[in-house]
Every structure is written in structure tokens, then in C-alpha cells.
Chemist: 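Encoded as C-alpha cells, here's the structure I'll be asking about.
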Amino acid sequence: MKARVIVMPREGVLDPQGKAIQNALHSLGYDAVRDLRAGKCFEIDLADMPRAKAEALLHEMSEKLLANPVIESWKITLEEE
Amino acid sequence: MKARVIVMPREGVLDPQGKAIQNALHSLGYDAVRDLRAGKCFEIDLADMPRAKAEALLHEMSEKLLANPVIESWKITLEEE
Amino acid sequence: MTHLASSSEITPEVVARHGLSPAEYERILQILGRAPNLVELGIFSVMWSEHCSYKSSRVHLRKFPTKGPRVLQGPGENAGVLDIGDGFAVVFKMESHNHPSFIEPYQGAATGVGGILRDVFTMGARPIASLDSLRFGRLDDPRQRHLVDGVVRGIGGYGNSFGCPTVGGETAFHPCYDGNILVNAFNLGLLRADRIFRAVAAGVGNPVIYVGSRTGRDGIHGATMASEEFSETSEEKRPTVQVGDPFTEKLLLEACLEVMKGDLIVGIQDMGAAGLTSSSLEMASRGGVGIEIDLSRVPLREEGMTPYEIMLSESQERMLIVARAGRERDVEAIFRKWDLQVEVVGRVTDDGLLRLLHAGKVVGEIPVKPLAEEAPVYERPMTRPAWQDEIQALDPDGIPVPEDLGRTLVDLIGSPGLASKAWVYRQYDSVVRSNTLEGPGGDAAVIRIKDTRKAIALSVDCNHRYCYLDPRLGAALAVAEAARNVSCAGALPLAITDCLNFGNPERPEIMWQFAECVEGIAEACRALDTPVVSGNVSFYNETKGRGIFPTPIVAMVGLIEDATAFAAPFFRSEGDLVALLGEAPGELGASEYLAALHGIERGRPAPLDWAREKAVQAACRAGIAARLFRSAHDCADGGFAVALAECCVGGPEAIIGAEVELPRGSRADALLFGEAPSRIIVSFDPSDRERAERIAREAGAPFEVIGRVGGDRLRIGDWIDLPIGEIRGAWREGLSRALREGG
Amino acid sequence: MSPRSREDVQVGVVVFPGSCDDHDAYHALAHVLGVRARFVWHKEESLEGLDAVMLPGGFSYGDYLRCGAMAKFSPVMKAVRRFAEAGGYVLGTCNGFQILCESGLLPGALIRNRSLRFLCEPRQALRVERSDTPWTSRTEKGRVLRIPIKHGEGCYYADPATLEALQAKGQILLRYSTPDGRVSEDANPNGSLLHIAGIMNPRGNVFGLMPHPEHAVEPGLGGEDGRRILDALIDTLLAAPARPTPGRAPQAASPSAPR
Ligand SMILES: Nc1ncnc2c1ncn2[C@@H]1O[C@H](COP(=O)(O)OP(=O)(O)O)[C@@H](O)[C@H]1O
Ligand SMILES: [Mg+2]
């Protein structure tokens with residue numbers, strides 16, 4: 001089953017990357033961009049298992065490795081089969 | 001309106017980061033992970049505009065700046081209002 | 001002033017939460033003549049924290065020699081300044097970022113580098129060389145490996161992007177750092193000796209200008225956090241972690257240097273720990289003036305920030321400038337050119353008050369002078385630990401001499417502490433700025449000074465085990481080793497900066513260790529004529545009542561008059577003679593060998609004879625200046641045998657063997673691995689033997705030719721005979737293997 | 001008019017916010033190699049009077065997205081593109097190489113090192129693949145140069161067709177190698193495909209490489225092998241028929257022009 005973990009800088013944590021990209025977009029004339037935050041995305045192919053179990057597993061993996069809980073938060077999505 | 005652009009390495013392009021993370025997950029015992037690819041995620045707050053226009057804009061921004069078409073592909077999602 | 005009297009919020013709990021003692025709070029009441037409001041309490045709290053006020057260390061630090069003919073600026077400013085002649089001066093300082101690095105290793109280390117860079121370019125210098133001194137716990141713990149990885153990435157990530165080379169450092173491991181790692185960052189910058197900028201506010205009416213990044217809720221109370229022990233709850237208490245932005249820092253550097261070229265500014269101060277609070281107060285206090293700041297004009301990153309948050313934020317990459325009245329536009333134009341925030345936020349006043357406005361109201365008003373001058377100073381009680389005698393006792397007779405001393409050498413040189421640190425320093429750009437004559441890997445880094453014939457040599461050192469077993473001698477040995485390393489590059493040691501890392505100063509044993517180490521450094525600096533020009537103290541490196549070993553890190557700056565004459569640390573030519581400057585007395589106490597192979601951390605470090613130490617270093621420098629010595633390398637951790645092996649395998653490419661004899665006298669393991677100071681292994685062409693002997697004699701240094709460079713084996717007497725490749729393999733792979741596999 | 005002596009040669013060093021090796025490039029060109037160097041601010045739109053342009057190393061605009069991704073939109077890059085199209089010589093080292101690839105002036109892309117770590121190797125061995133080019137005429141095919149590398153994203157990637165074209169047209173000028181000139185996985189510091197360290201465009205006037213020749217021009221500071229590349233460029237400029245004037249495309253310098 002396919003899953004996706006999105007890891008973003010926590011609210012309030014400085015995001016120099018997002019800020020720089022937003023500036024670049026503005027200077028290219030994309031003024032419609034009001035805010036931009038930059039994070040990571042992991043696309044994961046997981047062995048089949050019950051959804052609840054998969055979700056628990058993904059949270060565990062995120063907390064342990066994929067994200068840095070001190071400065072990042074994460075969201076999990078599981079593809080419908 | 002809120003939008004999200006996900007940029008992933010193209011099929012066939014080296015993804016050393018994805019591979020390293022997958023290995024690390026395996027060594028932590030997460031054998032259920034069959035494959036993992038690492039990419040980027042941009043969360044964008046966009047001035048209100050028609051959906052079609054927003055999508056076109058996001059594609060343009062992705063092609064020009066957010067992704068490098070030589071090595072990366074991208075997906076766009078617009079949040080339902 | 002009714003608006004300031006809303007002090008019902010200041011309960012004893014609030015005072016305690018700000019880390020202020022009841023007595024300290026009393027003093028605040030006296031200074032203000034009323035109760036503080038929350039903003040003011042926050043300001044006192046950070047300014048009087050250990051980190052900012054040095055309240056426990058101040059009385060001791062006065063013992064350091066801080067003056068000398070070359071000292072243009074001693075302790076008290078952002079960094080020390082030394083005259084190096086030809087119209088140039090170097091600015092340098094070292095600082096700790098231990099606690100933040102433990103919580104978030106990448107950002108903690110990165111912002112540590114950012115902070116020290118700002119300290120240096122605040123004074124008008126362009127940073128040209130960084131060093132990093134690192135201590136971690138046991139590598140068999142995955143958490144420690146994660147910390148090593150993050151810290152090294154963070155130092156590289158910031159320094160590399162900023163464009164200042166990281167040219168050396170040290171990396172050591174010990175269980176005492178399991179709960180408290182040490183990350184000490186050093187930077188040195190170069191400027192014209194007549195263009196030093198200072199952090200001072202002057203000229204009533206002059207504008208106060210905020211430049212750099214916007215202010216967010218980063219690290220509020222970082223300074224008080226650095227002044228407390230870790231506990232279970234510090235995980236929750238932790239503030240928003242500061243994230244470094246090296247790109248903005250680089251822009252800030254270029255913009256500041258540009259502003260300093262014209263006659264536009266009076267003073268400038270970086271916003272380090274305690275941000276706007278300490279920068280404004282320190283500038284006002286040095287200038288004997290007042291400052292008024294309108295907090296509504298401070299550029300903010302987040303909405304709804306309160307005056308309290310704005311004053312205490314530790315957002316990175318910001319500076320405060322006092323400009324000349326009328327030159328605001330010029331200052332603004334330069335910072336705008338570099339895409340930085342620039343905002344006139346206040347002005348210099350004549351009333352001696354720090355006055356804070358927000359939304360048209362006065363939200364804080366503190367007399368500057370008393371806040372600085374009446375800051376608490378403690379003579380904390382000290383006691384020599386009861387166990388000190390016990391750990392100094394060592395009975396060598398109970399320790400067996402290993403059968404296979406070759407095996408012992410390979411094991412030692414392959415242990416993470418002694419193995420090559422290339423895994424670390426290959427992640428650092430060591431060549432940017434085109435000055436690196438000798439990068440990491442040798443005894444000292446050597447940085448040329450363009451437009452002169454000169455070069456600067458740098459080394460950072462401390463043996464924490466020595467300092468634990470004998471704090472005073474251990475600290476003196478750290479200075480001696482740093483000087484010796486610099487002398488091995490042919491440089492005359494000029495001055496030091498230090499970073500004193502200790503446990504909880506409220507414990508009398510820790511305070512004793514601290515006082516002893518300060519005495520040791522002071523004694524060494526007097527003996528070597530190398531004043532202390534800047535430094536930093538980090539207390540509370542303690543978790544659940546377990547403190548680190550006393551770890552006073554010393555960075556020595558030396559000068560080479562003719563940069564074309566300097567020696568490599570490694571053997572270079574087959575057939576060269578090998579000689580030992582100094583003697584091999586064979587002492588086992590406090591050695592890495594005892595610790596690593598026998599699990600014994602006892603005894604005392606071998607004593608220092610200053611006359612001997614100075615003679616050996618002088619002879620080494622003279623031999624290099626005369627272009628006699630092709631290589632010079634001191635004996636440090638692991639003793640003579642490890643040093644000799646490093647001479648063989650440490651070079652960037654060719655490896656080369658050697659055959660030497662050592663005079664017998666004491667037991668073999670003590671001769672080979674004992675760590676007596678004041679010893680340097682040199683090599684030179686056989687035809688230069690008599691000149692070399694004469695140079696040593698004139699300097700008063702013991703000198704003995706002990707063997708010859710060549711072949712592909714290392715042979716020491718009849719104790720060790722090994723293929724050089726085997727030593728090289730163990731030395732090269734030791735650290736990366738431990739990081740991969742643990743232990 | 002082509003420059004007649006070294007002191008007449010004018011090389012521009014582009015300064016992006018975040019450039020780090022700009023001062024080093026300037027130092028190498030002006031103080032060591034004896035040509036005239038001029039900093040070109042990223043907002044400048046004209047390269048008038050320059051015989052060649054160098055895009056230096058560093059982290060342009062912080063390189064927070066992909067290396068070189070933001071720099072390609074700077075005003076100066078429009079000018080660099082016109083300059084290159086007019087046959088002007090453009091050298092990109094490290095970040096400069098990344099910018100050239102992002103801008104499409106060279107094919108392919110530079111992605112994160114295989115080790116996922118920044119790597120500084122002051123004496124990286126590089127094998128010269130051909131010497132009949134404006135950039136390598138001071139060395140020989142098969143010779144090993146020792147030049148510093150220092151980058152986190154230096155792994156050269158291109159699709160198979162592009163790689164094939166690079167080989168067929170002889171665009172690969174430098175490959176990572178062992179000190180004795182063997183090319184192997186072990187000698188490849190970053191995982192680059194075909195061990196590529198530097199490539200030029202088919203016309204031969206644009207050269208990008210991850211190593212830093214400007215850091216190897218003085219004995220004692222990384223050796224002098226980088227001079228071979230910079231001196232070759234200077235030779236080329238001294239022999240060139242005219243200073244490129246965008247709009248009026250002069251005769252292209254052929255990579256196989258006899259020297
Ligand atoms: N963290 C580090 N950063 C940069 N260089 C380092 C680091 N750790 C060690 N080194 C380098 O590795 C070499 C060996 O270090 P060390 O054993 O401490 O030297 P010494 O015993 O001569 O003081 C030195 O050149 C030093 O600069
Ligand atoms: Mg040494």
C-alpha cells in the first residue's frame with residue numbers, strides 16, 4: 001500500500017528555505033503567493049496491513065526518523081485501495 | 001486559498017536520500033517499508049482566484065522554479081474550500 | 001509612572017521561574033525603587049543569568065593575565081584583538097553552544113557557529129578561520145552517534161555556506177559527556193589595526209538602528225536555559241529552537257563591512273544570547289548613556305508578539321547599530337542593497353535609562369548603570385573533592401605490560417579518540433578564502449595573511465582527563481599543548497582565548513575545579529607570555545547531578561613571520577633523521593593508554609617544567625625558521641609511539657616508515673605510551689644534523705637523534721615492528737567504524 | 001579588438017548574494033594570473049568589455065531550494081546567456097556549474113552527493129579527457145590534475161541519451177580518478193554518472209566543473225594544477241578574434257580549433 005508522509009517546519013520555527021523561495025517567486029512576479037513554507041515529502045510503499053496498523057507504524061517512523069519533532073511536525077496520508 | 005506542491009525525483013533518477021532513509025528504517029526493524037522516495041513539499045497560501053487559474057499558476061511556478069524538470073516531477077493539490 | 005506599576009503579576013513563583021533568587025529580586029526593587037513589571041523582570045533575569053553576567057566566575061577570571069604589547073583589545077568586548085604588525089590585527093574568540101546542541105544538534109551547532117562569527121565581524125573583521133572543539137559521550141549509544149552526525153553537519157552547514165573555512169578543531173569522547181555534549185566554536189577574523197569597531201553607544205540623539213533578520217519567538221530564555229541544569233522537565237520548558245540562516249548571516253557580514261568602510265556608525269553590537277536586551281544595555285552601559293527603543297518598530301516575523309517576547313527573543317542574524325545622526329539614509333541604503341531588514345528603532349539619550357516604548361506607551365524603564373554595575377557577583381564556596389586524593393593514587397606495579405605492544409599501538413591508534421578525524425573535517429570547507437597553508441590534520445592550522453609574508457597558526461586543545469585528575473595542572477597542560485602545537489608549525493604563540501566548560505557552580509567541588517583550572521591557565525599564560533584576550537564560561541553542564549569532567553578548552557593563536565618557512569607535521573623524505581626534542585621520562589599516570597586499554601583513569605598527569613617546555617618549543621621554531629626541520633609533531637594523547645606512528649601515516653598521501661630506538665629506563669609501555677609533555681618529534685636531512693644539534697643546544701632543549709625515516713614498516717626498538725599499512729588502516733578507519741558500528 | 005597582453009584581458013567574476021569563492025576567483029585571476037578581474041553584481045545586466053565571465057562557487061541566494069535554482073533568474077544570468085550565445089567564454093566552478101546546468105547552458109543536473117554529506121577534498125585527482133579545447137590546452141589527455149573539490153551537491157546526473165551525446169561529442173573534459181589516473185567507483189567522490197567532474201557545451205565556450213581551479217594556482221595552497229585550466233582560458237582569450245558583442249554573433253570558437 002502507498003503512503004505519504006509530509007514533514008513541515010513547526011509553526012513559529014524560522015523557515016529560511018520557505019522565505020527564500022517566497023522571495024524568489026515574488027521577484028518573478030508571482031505576487032499571488034501570500035505565504036510559502038518548505039518541507040519534505042516521503043512516498044512510501046508499505047507491505048499490506050490493516051490501515052490502523054499502517055498509520056501507527058508511519059507515526060512511529062516519523063517521530064523516530066523522518067521528522068525532527070523538535071522543529072518539525074508531520075502529516076500522514078494512506079492511499080485508498 | 002491553500003495549495004500544496006509536491007516535488008519528487010523522477011522515475012529512474014538517483015535518489016540517494018530515499019535509499020539512505022529506507023536503509024535506516026530497515027535497520028530500525030521497519031521491514032514493512034518496501035520502497036521509499038524522498039522529495040519536497042511546498043505549502044502555499046495563494047490569493048483567491050478561480051481554481052483553473054490557480055492550477056495553471058502553480059504549474060508554471062513549479063516548472064520554472066520549484067522543480068527541475070530534468071530530474072524532478074511535481075504534483076499539485078488545491079485545498080477544497 | 002503608574003503604567004509601569006502593574007506588578008501584581010510578579011509573584012514569588014514568577015520571580016523563581018525567571019531564575020532569580022529572592023536576594024537578587026530585592027536588589028531589583030532597590031535599583032528600580034519599585035516593583036518591576038514582567039518586561040523588566042525578564043530583562044533583569046537574562047542580564048543577571050550566569051550566561052550573561054558571569055556572576056559565579058567573575059572573581060576568578062580576574063586572575064588571568066590579559067595585557068601585552070600586542071593586545072589591542074582584551075576581555076570585555078565581543079572578541080579580543082591582537083596586533084600582528086604590517087597594519088593588521090586579528091580578532092578572535094571562542095564560545096560554547098552545548099545545551100542547544102544537545103537538544104537539536106544540527107541547529108544548535110549551526111547557530112553556535114553563527115554566533116561566534118557575528119562576535120568577530122561585529123568588530124569590523126572579516127572572519128577568515130574557524131575551529132571547533134567537540135566532546136561527545138560513548139559511541140555505542142545510537143543517540144550519541146546521532147548527535148555527532150548532527151553537530152558536524154550543523155557546523156559544516158553554517159560555516160560552509162557562510163564562506164569561512166573551518167581549519168581545525170578537536171573531537172573527543174568520554175562517558176562523562178553522555179548527558180552533556182560540548183560544542184565550542186572558535187573564530188578568527190582579520191582587520192586593519194586602526195579600524196576596530198566597538199560595541200558602544202555614544203552621542204545623544206544618535207539613531208539606534210536594527211538590522212538583519214526579523215524577530216520571532218526563537219529561543220526565548222535561551223540564556224537562562226544555558227544557566228540551569230538539565231532535568232526531566234527541561235524537555236518541556238524548551239523554547240522555540242533557533243534555526244540558523246547562514247545566507248542571511250553572509251549578507252549581514254557583507255553589509256556590515258560595507259557600512260564600516262564609511263564614517264557612518266559609532267558602535268555596533270550583535271544580538272546574541274538575550275538579543276535586543278543585552279545588545280542595547282551593553283552598548284548603553286559602555287557609553288555611559290541611555291537608549292530609548294520603540295518596540296513597535298522592530299521588524300517582526302510573527303504576529304502578536306509582546307514587548308516581553310521582543311526583548312527576550314534570541315532570533316539569529318541580527319545586529320544593533322548606533323549610527324551618526326544624519327547618516328541614517330546611507331546606512332539604510334547599504335542594508336537594503338543586501339536585502340536585509342533595516343529600521344531606526346530608537347535613539348541615544350542622556351538620562352542613563354533604557355526606556356522601552358510599545359504602541360505609544362512606556363512599557364519598561366531601567367537605569368542602565370546599576371543594572372550592569374550592581375549585577376550580582378558571587379564568591380561561591382569551594383571544596384577540594386574528598387575523592388581527589390583517591391583518584392590521583394596509582395600503583396603501576398599492579399598493571400601488566402601487554403605482551404604484544406604492536407597490537408597495543410594498533411588498538412590505541414584505531415580508537416575513536418586517537419584515530420584520524422578526517423570523517424569530521426572532510427565535511428568542512430577548509431580552503432575557501434585561499435589562505436589555508438595547512439588545513440586540518442596536523443598539529444596546528446596555518447593561515448596566511450595576504451599582502452604580508454606572515455601566517456597565523458591556530459590550535460585548540462584540552463585533555464579532559466588531566467583536568468579531572470588534576471584541574472590546575474591539567475588546565476596548564478592544555479595551554480602548553482596548544483602552544484606546542486602552534487610551535488610545531490613554526491609559529492610563536494601569542495595569545496589565547498578559552499571556553500571553560502564545567503558542571504554546576506553551586507556545588508563546591510565544581511567551583512573548586514573551576515578555580516583550579518583558572519589558576520592553571522593563568523600560570524601557564526604567564527609562563528608562556530600569552531595573555532588571555534577573550535573567553536567564555538559554560539556552567540551547568542550537568543544532568544541529574546552528574547557533571548562533566550572539568551573541560552577548559554584553550555585556543556592558541558601564533559604568528560609565523562615568514563610563511564614560506566613552516567614544517568609539515570608528517571615525515572616527508574626517506575633517509576631523513578628522526579630526533580626527539582625533549583626527553584622520554586616514561587610516566588603512565590592519566591594516560592589514554594591506561595584509560596583505553598586498562599580502563600584505569602587514575603594517577604596524575606606528568607608534571608610540567610616550564611623552562612623545559614619553552615626550550616623545546618623555541619628549538620622547534622628555530623629549526624623550522626632555519627628551514628632545517630622538514631617535519632615537527634608533538635607527543636600528546638597516546639604518547640611517543642602514537643605520535644611517531646602519526647608522523648608515518650598522517651600525511652595526505654604517501655605513507656612512509658621509520659626505525660627508531662628509545663633509551664631504556666622505565667617499563668616499555670610507559671616509554672611508548674606515557675604522556676609526558678614537552679616533547680616534539682622532528683625530522684631533517686642527515687647533512688643538517690650538526691646544525692640541528694646546535695640549534696637545540698642554543699635553545700637549551702634536550703635533543704637526541706633516535707632513528708631514520710624510510711621503508712614500509714614502523715619499528716621501535718624491539719618492542720614494535722609493524723607494516724605501516726596496518727597502522728594506517730586502523731588510524732584511518734577507527735572513527736568512521738565506531739560511528740557505523742558503535743563502540 | 002582582442003586583448004593583446006594579459007593585462008588587457010578582462011574577466012568578470014559574478015557576485016551573487018551568497019557567493020563564497022568570488023574573492024578567491026578574483027584573487028587568482030588578478031593577483032596570481034595577472035589578468036584584469038572585475039566583480040559583476042548579480043543585478044547588472046551588461047557584460048560589456050569583458051572577455052570572459054566566471055560564475056564562482058558558493059551558495060547563491062542561500063541555495064535553499066536546489067543549488068543554482070534561484071540564481072538562474074537573476075538579471076546577470078540573462079546577460080550571461082546572451083554573452084554565451086554570442087560566443088563569449090563562460091566558466092562555472094562548483095555553484096557556477098550548478099547554475100549553468102539549472103540555466104540550461106549545460107545539460108544535466110547536480111544532485112546530492114551519494115554519501116549525502118558535504119565533502120571537502122583539497123587534493124582531488126581528476127583525469128583530463130581531452131586537451132584540444134579552449135579549457136584544457138595547457139594539459140594533456142590522460143594527465144591527472146590535483147584540484148580541490150568541496151560540495152554537498154556535486155553528483156552529476158543526466159538521462160542516458162544526454163550522457164551518450166556528451167560522450168559522442170567529446171564534451172566531458174574531466175573525470176574523477178585515482179591519483180594514477182584510473183577511473184573507478186572508489187575514486188568517485190560523489191557518485192557522478194560516468195565519473196563526470198566537468199563538461200563543456202558543444203560549441204566549447206561554456207565550461208562547468210565541480211572542482212575549484214581558482215583554489216589551485218599557488219604552490220603551498222592546493223598546488224598549481226588549476227592554473228592549467230585558467231591559463232588555457234587566458235591563452236584562448238588572447239588568441240580570440242574579438243570581444244563578444246551580444247547581438248552581433250562573432251565566429252564561434254571551435255573546440256577542435258588547432259592550437
Ligand atoms: N572537530 C574537528 N574539526 C576540525 N578539525 C578537527 C576536528 N577534530 C580534529 N580535527 C583535526 O584533526 C587533527 C588531529 O586532532 P588532535 O588529535 O586533537 O590533534 P593534536 O593532538 O595535535 O591536538 C588536527 O589537525 C585537528 O585540527
Ligand atoms: Mg599535536
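Chain letters run A, B, ... following the sequence lines, proteins first, then strands; residues in each count from 1. Bear in mind the structure is a predicted one, so any value in this text is a computation, not a measurement.
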Chemist: Could you tell me the separation between the CZ atom of D/R66 and the CD1 atom of A/I21, rounded to the nearest 0.5 Å?
Modeler: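 D/R66 atom CZ to A/I21 atom CD1 measures 9.0 Å (nearest 0.5 Å).
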Chemist: Counting neighbours of CD on A/E63 that are heavy atoms of other residues, nucleotides or ligands and sit closer than 6.0 Å, is the number greater than 12?
Modeler: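 No, not enclosed.
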Chemist: Give me the atom names and distance for the closest heavy-atom approach of A/A24 to D/M70.
Modeler: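 Nearest pair, atom of A/A24 first, then D/M70: CB-SD, 3.9 Å.
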Chemist: For the CD atom on D/E164, are there more than 12 heavy atoms of other groups (residues, nucleotides or ligands in this structure) within a distance under 6.0 Å?
Modeler: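 No, not enclosed.
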Chemist: Given that the side chain runs from C-beta out, which part of A/A38 has a heavy atom under 4.5 Å from chain D: side chain, backbone, both or neither?
Modeler: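 Nothing of A/A38, per the 4.5 Å heavy-atom cut-off to chain D.
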